[in-house]
Amino acid sequence: MRTRAILIERLGPPGVLAEREVPLPDPGPGQVHVTVEAAGVNFADLMMREGLYSTVPPRPFSPGFEIAGRVARVGPPACDAAGPGPAPGTPFSQPEVFKEGDRVVALLRYGGYAHDVIVPADHLFPCPDAFSAIEAAAVPVVFLTAWVCLFEAARVRPQETVLVLGAGGGVGTAAVQLAAQHGLRVVATAGDPRKREFVCKELGAAACFDSRGDWEQDVRALLGERGLDVALDPVGGRATAACRRLLGPLGRLVFYGLSAAAPGQRRNWARVAWTLLHTPWFHPLGLIEPNLGILGVHLLHLGRREPLLREAFAQLAPRLVARRLRPVIDSVFPLTRAGAVQAHAHLHARRNLGKVVLAVDAPAAGTR
C-alpha cells in the first residue's frame, strides 16, 4: 500500500518541501493505520526543515507531530500495551480496542504531513464528537506542552505570576488560557498590537507587552521588586537572560524552544551562534543565593513519564469539549506541498495568532 506525504528531502527554505507517493506498511502489533484529515504545524517543523532540530530521522522524512483522522486498520492485538487509562468514555481516554471508523487524535515523533500514518496505539486518543478534525489537530502539542510546562515542570500555584513569551503563538495561547483559569496572574509578550489585544481581552492575560520593545522594563515596572514566579521561554538568546533577571526568589524558568535562532526561512549559522552566545548558561552554584530553578521541557522525550500526557488529556478534554478552553486557530492550509509551503512561510513571518493547521478539505488558497 502507498500514500501521499510531504517530505523534507533537503534542507532550505519552505520551497524545498516535496510531495511524493511513499510506501505505507501494514500496522504491526499494537499499531493503528489512521487516515489523516488534519495535521498541526509547529515551529519545530520549520527548524527540522532548516536542519536546526536534533532528533530527526534520516532524510527524506515527513515532519508533523500531531494529526486527527479516522482509523482505517488495526494491527494485531496489543492495543492495551499502554496499560489502564482514564475511565472509559472520557474524551481522549484510551479505549480497550480501536476499530475501523473511530475518530482519533495522535501524537507522533514525525510523519504527520501525510494522508495516512501508522501510529502506536498508546499514542492515540479518541476524538470528541464535539470537535472537528481541524480543531482536534490543533490541540495535542500546544495544550500538552503548556500543561507540562506549567503544572509538571513549574508546579504553578494559584496567585503566582507567570510570564508567557510568544503569547500569540500556539503554545502561548494555550498557556495563557490554562494559567489564567488556574488563578495565576498572567503577563505576556507578543509581536503586534492585534495579538496583544487578543491575549488580554480574549484569553485573560493581565498585561501583554511588545516582544520587539523593552518588555523587560515593562514587566519590571508592573511587578516591582516582587519579580516573577514563573517564566515560560520558547525564544532563547537575550529573552532568556531577561527572564532570569525578572525571576524573584524561588522563581522557575521553563525553557522549551529556541525560536530566536530561526528568524528567517533559511538556516543562518551566524544567527544560531549569536543566539547561543546570548543565551545564558547556568552553573548550579549560581542558582543557590537567588533561589532559582531552571527547567527544560521537550514533549516527545518524556520517556517513562509519557503516561502523564494521557492524564493531562483526561483533565483537559472536558474543558475543551465545554469550550472553557479552546484551540485558537489562525489559518488552515491544504494538506499538500503547496499548502505546507504556505503554512511554513506564514509561521516564519510570525503572522499567526494561534495555531496553523493543514487539512485535506482546506481550500487551495488556505483559510483564516
>> With a 3.5 Å distance limit and no angle check, can you tell me whether Thr189 reaches the backbone of Gly166 through a side-chain donor-acceptor pair?
In response: yes
> Does Trp215 have any ring-ring contact (aromatic ring centres under 6.0 Å, His included) partners at least two apart in sequence or in another chain, and if so, which?
Replying inline: none
> Can you name the closest pair of heavy atoms from Arg49 and His348 and give their distance?
Replying inline: NH2-NE2, 2.8 Å
> Tell me, do Pro234 and Val171 make a side-chain contact under 4.5 Å, heavy atoms counted?
Replying inline: no
> Looking at Arg196 and Ala190, what are the two nearest heavy atoms and their distance?
Replying inline: NH1-O, 3.2 Å
> With distance as the sole test, does Arg103 use its side chain to make a donor-acceptor pair with the main-chain N or O of Pro128 at under 3.5 Å?
Replying inline: yes
> In the single-linkage hydrophobic clustering (I, L, V, M, F, W, Y; side-chain heavy atoms under 4.5 Å), do Val254 and Leu246 co-cluster?
Replying inline: no
>> Please determine whether residues Leu228 and Val235 belong to a single hydrophobic cluster, defined as Ile, Leu, Val, Met, Phe, Trp and Tyr linked transitively by side-chain heavy-atom distances below 4.5 Å.
In response: yes
>> Going by the rule side chain to side chain donor-acceptor pair (under 3.5 Å), which residues pair with Arg305 if we only count those two or more places apart in sequence or in a different chain?
In response: none
>> Let me check something: do Leu7 and Phe333 share a hydrophobic cluster, defined by ILVMFWY side-chain heavy atoms less than 4.5 Å apart, either directly or through other members?
In response: no
> Hey, quick one: are Val341 and Val16 part of the same hydrophobic cluster, counting side-chain heavy atoms closer than 4.5 Å, chains of contacts allowed?
Replying inline: no
> OH of Tyr110: more than 12 outside heavy atoms within 6.0 angstrom?
Replying inline: no
>> Are there over 12 heavy-atom neighbours, none belonging to Arg220, within less than 6.0 Å of that residue's CZ?
In response: yes
> Has the side chain of Ser62 got a donor or acceptor atom that lies under 3.5 Å from a matching backbone atom of Tyr113?
Replying inline: yes
> So do Leu308 and Val148 actually touch side chain to side chain, heavy atoms under 4.5 Å?
Replying inline: yes
> Looking at CG of Leu163 and CG of Asp229, how far apart are the two atoms once the value is rounded to the nearest 0.5 Å?
Replying inline: 11.5 Å
> Ala175 and Val164: which non-hydrogen atoms are nearest, and at how many Å?
Replying inline: CB-CG1, 4.2 Å
> Are Leu247 and Val162 co-members of a hydrophobic cluster defined by side-chain heavy atoms under 4.5 Å apart?
Replying inline: no
>> Run the side chain to side chain donor-acceptor pair (under 3.5 Å) test against Tyr53 and tell me which residues pass, sequence neighbours left out.
In response: His298
> Around atom CD of Glu21, are there more than 12 heavy atoms of other residues, nucleotides or ligands at under 6.0 Å?
Replying inline: yes
> Do other residues, nucleotides or ligands put more than 12 heavy atoms under 6.0 Å from Arg109 CZ?
Replying inline: yes
>> Contact between Leu165 and Cys243 at the side-chain level, heavy atoms closer than 4.5 Å - yes or no?
In response: yes
> Under 6.0 Å from the CD atom of Glu100, do we count more than 12 heavy atoms belonging to anything else shown?
Replying inline: no
> Which atom names give the shortest non-hydrogen contact between Arg252 and Val156, and what distance separates them?
Replying inline: NH2-CA, 3.8 Å
> Where do Glu135 and Arg323 land on the salt bridge (charged side-chain N to carboxylate O under 4.0 Å, His left out) test, with the steps shown first?
Replying inline: CA-CA 11 Å; Glu135 289 175 309; Arg323 307 295 175 171; 2.8 Å; yes
> Going through the checks in order, is the side chain to side chain contact (heavy atoms under 4.5 Å, CB included) test met by Leu292 and Phe282?
Replying inline: CA-CA 10 Å; Leu292 299 182; Phe282 300 97; over 6 Å; no
> Are Arg4 and Leu335 close enough, and set up right, to give a side chain to side chain contact (heavy atoms under 4.5 Å, CB included), and what steps lead you there?
Replying inline: CA-CA 10 Å; Arg4 300 291 295 180; Leu335 183 56; over 6 Å; no
>> Checking Asp26 now: which residues fulfil salt bridge (Lys or Arg N to Asp or Glu O under 4.0 Å) with it, not counting sequence neighbours?
In response: Arg73
> Under 3.5 Å, side chain of Arg266 to main-chain N/O of Pro13, donor-acceptor pair present?
Replying inline: no
>> Quick one: does any side-chain atom of Asp192 pair with a main-chain N or O of Arg194 as donor and acceptor, under 3.5 Å?
In response: yes
> Nearest heavy-atom pair of Leu309 and Leu144: which atoms, and what distance?
Replying inline: O-CD2, 3.8 Å
> Who passes side chain to side chain donor-acceptor pair (under 3.5 Å) against Glu19, sequence neighbours left out?
Replying inline: none
> Hey, mind stepping through Arg350 and Ser259 against side chain to side chain contact (heavy atoms under 4.5 Å, CB included) and telling me if it holds?
Replying inline: CA-CA 11 Å; Arg350 309 299 208 269; Ser259 64; 4.0 Å; yes
> What heavy-atom pair brings Ala180 and Gly204 nearest, and what distance separates the two atoms?
Replying inline: CB-O, 3.8 Å
> Can Val328 and Leu203 be said to form a side chain to side chain contact (heavy atoms under 4.5 Å, CB included), step by step?
Replying inline: CA-CA 10 Å; Val328 178; Leu203 303 184; 4.2 Å; yes
> Excluding sequence neighbours, so at least two apart, what forms ring-ring contact (aromatic ring centres under 6.0 Å, His included) with His278?
Replying inline: Trp274
